[in-house]
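One structure is given here, and the rest of the page talks about it.
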Amino acid sequence: MESILLYHCRALLMDEENTLLDPAYVVVEGERIAAVSSTRPQGPFAQEIDCGGNVLMPGLVNAHTHIPMTLMRGYAGGCDLHTWLNDWIFPAEAKLDDRAVRAGADLALAELIAGGVTTIADMYMHTPAIAQAVLAAGISANLSCGGVYFGAPGDFSPAACPDCDHQRQLTEEFHEAGNGQILVDASIHGEYTSNVPLWQWMADYAQRKGLGMHVHVSETQSEHEGSLTRWGLTPFRILDRYGVWDTRAIAAHCVWTTEDDWAGMAEKGVACVHNPVSNLKLGSGVAWIPAMKAAGVPIALGTDGVSSNNNQDMFEEMKFAAVLHNGVTRDPLALLPQDVLAMATREGAKALGRQTGRIAPGYVADLILVDFTRPHLTPCHSVMDNLVYAAHGSDVVMNMARGKIIYKDGTFLTLDLEKIQAEVKSYALPRLFGDGKTW
């Protein structure tokens, strides 16, 4: 097996001690990290990469997004979540087909890769088209289709439920595809877009197939209070009653969750995926992350869809998370840079059931290089502070996913960006929004 040596760098290992190894030498063999040291190892190596004295860190984990919604970047702003979804987004999405979804997914993957993301958790329709895009691009993804069911409980039939069929087909075709590059998760879009029979079916299917679970939880006040009216229980608790959380699981948003919810999440190991920019833009509120963290809830970080963000820049997401909670708690120690970096790397990886997010032997070789010669990253009194408060996704100059370099110095090595942009402009956008516009 050919090996790669990365040298002449400072490596932020993202272990529990937040070690910064300087100088650092990292050896990659196949898809995994073989060795990490502060002295040059003996070769020979098939390839040696001079990192130019820059910062090497684990690839970022975007633990909740909807990548084809890149097609709706900046569309229908100025609405609350439910008006935005029902009056604008759902009607546009009804026009999507596999080809348009693939175009939107490819465009999003280019943005993610250039910004240092190596792993995502995506929930969307036409999911096989997304899976094909991911396999070609080279990053890792936990994919789910966001099951919905609006019918009466007594009318539910798994054999006649489209999203049950989607879940089965997606799992059979793509779970563990690409040597684990893709993992399929079971999923429920949310308590308010489904009902008990679907919850029970998804929970049972996840447990039988060994899948994780991905659900929107208490994103808005109206969603949360609607569940209390319908069931006398919060969304987390009513889903818990039907076994939804009896597997590895992520709960996206959690803005209106309660202390009792947090106790249940901590007990079950359910990770909250924090999406601060989207929640702020849509006026949904602020998830109380420091309090949740203190209660023992695992915390990951995500961007949500570009249509409600409006980008996939995880460095921006880290900064927002840190300054938001320091501000609303009036405590500059509420979330430290190391806390936020952990959310975006090792904690996100754990939440998705993946051995990545750290630079350590045996871990998947998901590595990114951040150019610390940029003016806004100079001087550097603290690598962690610079990464969280000063860096941008555009500072990433190399993305290695699963041991393969897929982006370097502005060049995509697995994607044809010109072709992707042409497909978006000539096919996907006219399909959703009509001809006669200049995109």
Side-chain angles (χ1 to χ4, degrees), residues 63-71 89-90 92-106 108-109 119-151 153 155-190 193-216 239 242-250 252 305 352-354 427-428 431:
H64 176 71
T65 187
H66 313 282
I67 60 174
M69 293 185 84
T70 300
L71 298 172
I89 298 301
F90 290 160
E93 289 180 327
K95 302 173 187 176
L96 288 167
D97 62 3
D98 284 354
R99 182 177 170 186
V101 165
R102 174 64 189 262
D106 282 335
L109 288 166
T119 306
I120 63 171
D122 192 77
M123 179 196 288
Y124 211 63
M125 63 191 80
H126 298 276
T127 321
I130 302 170
Q132 294 289 359
V134 167
L135 287 169
I139 71 169
S140 299
N142 286 41
L143 299 182
S144 62
C145 55
V148 300
Y149 178 69
F150 292 103
D155 296 335
F156 180 83
S157 167
C161 171
D163 282 349
C164 295
D165 190 44
H166 295 160
Q167 183 68 56
R168 284 189 293 259
Q169 291 183 18
L170 186 68
T171 304
E172 289 167 9
E173 186 173 359
F174 289 106
H175 186 50
E176 297 187 343
N179 194 31
Q181 183 182 348
I182 291 178
L183 298 180
V184 172
D185 287 342
S187 67
I188 296 162
H189 178 269
T193 53
S194 54
N195 212 317
V196 171
L198 182 67
W199 306 342
Q200 292 176 308
W201 187 89
M202 281 289 182
D204 177 69
Y205 189 81
Q207 290 168 48
R208 284 191 289 111
K209 297 295 184 178
L211 308 180
M213 183 69 71
H214 189 166
V215 189
H216 293 104
L239 293 172
Y242 293 97
V244 169
W245 309 119
D246 293 341
T247 187
R248 176 190 56 76
I250 54 175
L352 302 188
R354 292 186 175 275
Y427 181 79
R431 181 175 180 85

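Qualifying side chain to side chain donor-acceptor pair (under 3.5 Å) partners for Glu93, counting only residues two or more places apart in sequence or in other chains: Tyr124. For the side chain to side chain donor-acceptor pair (under 3.5 Å) test, residues two or more places apart in sequence or in another chain that qualify with Arg99 are Glu423. Residues passing the side-chain contact (heavy atoms from CB on, under 4.5 Å) test with Glu176 are Leu183, sequence neighbours excluded. Considering only residues two or more places apart in sequence or on other chains, Ser140 meets the side chain to side chain donor-acceptor pair (under 3.5 Å) condition with Arg402. A search for ring pair (Phe, Tyr, Trp, His ring centres under 6.0 Å) contacts involving Tyr149 returns Phe156, not counting sequence neighbours. The side chain to side chain donor-acceptor pair (under 3.5 Å) check on His214 picks up His64, with sequence neighbours excluded. The side-chain contact (heavy atoms from CB on, under 4.5 Å) test applied to Arg431 returns Asp97, Ala100, Tyr427, not counting sequence neighbours. Thr171 is linked by a side-chain contact (heavy atoms from CB on, under 4.5 Å) to Gln167, His175, Val184, Tyr205, Leu211, counting only residues two or more places apart in sequence or in another chain. Remark: Asp106 engages Arg102 in a salt bridge (Lys or Arg N to Asp or Glu O under 4.0 Å) (not counting sequence neighbours). Scored by the side-chain contact (heavy atoms from CB on, under 4.5 Å) test, Gln169 finds Asp165 as partners (sequence neighbours excluded).
Leu198 contributes atom CG, which lies 5.5 Å from atom SG of Cys164 (distance to the nearest 0.5 angstrom). Rounded to the nearest 0.5 Å, atoms OG1 (Thr119) and CD1 (Ile139) are 7.0 Å apart.
Across all their heavy atoms, Ser187 and Met123 have their closest contact at CB-CE, 4.3 Å. For the residue pair Asn142 and Leu352, the shortest heavy atom distance occurs at ND2-O, 3.1 Å. Residues Ile182 and Ala131 share a closest heavy-atom pair of CD1-O, 3.5 Å. Of all heavy-atom pairs between Ala203 and Gly243, the closest is CB-O, 3.4 Å.
Residue pairs meeting the side chain to side chain donor-acceptor pair (under 3.5 Å) criterion with at least one partner in residues 125-134, sequence neighbours excluded, are Asp98-His126. Screening residues 196-206 for salt bridge (charged side-chain N to carboxylate O under 4.0 Å, His left out), with sequence neighbours left out, gives Asp204-Arg208.
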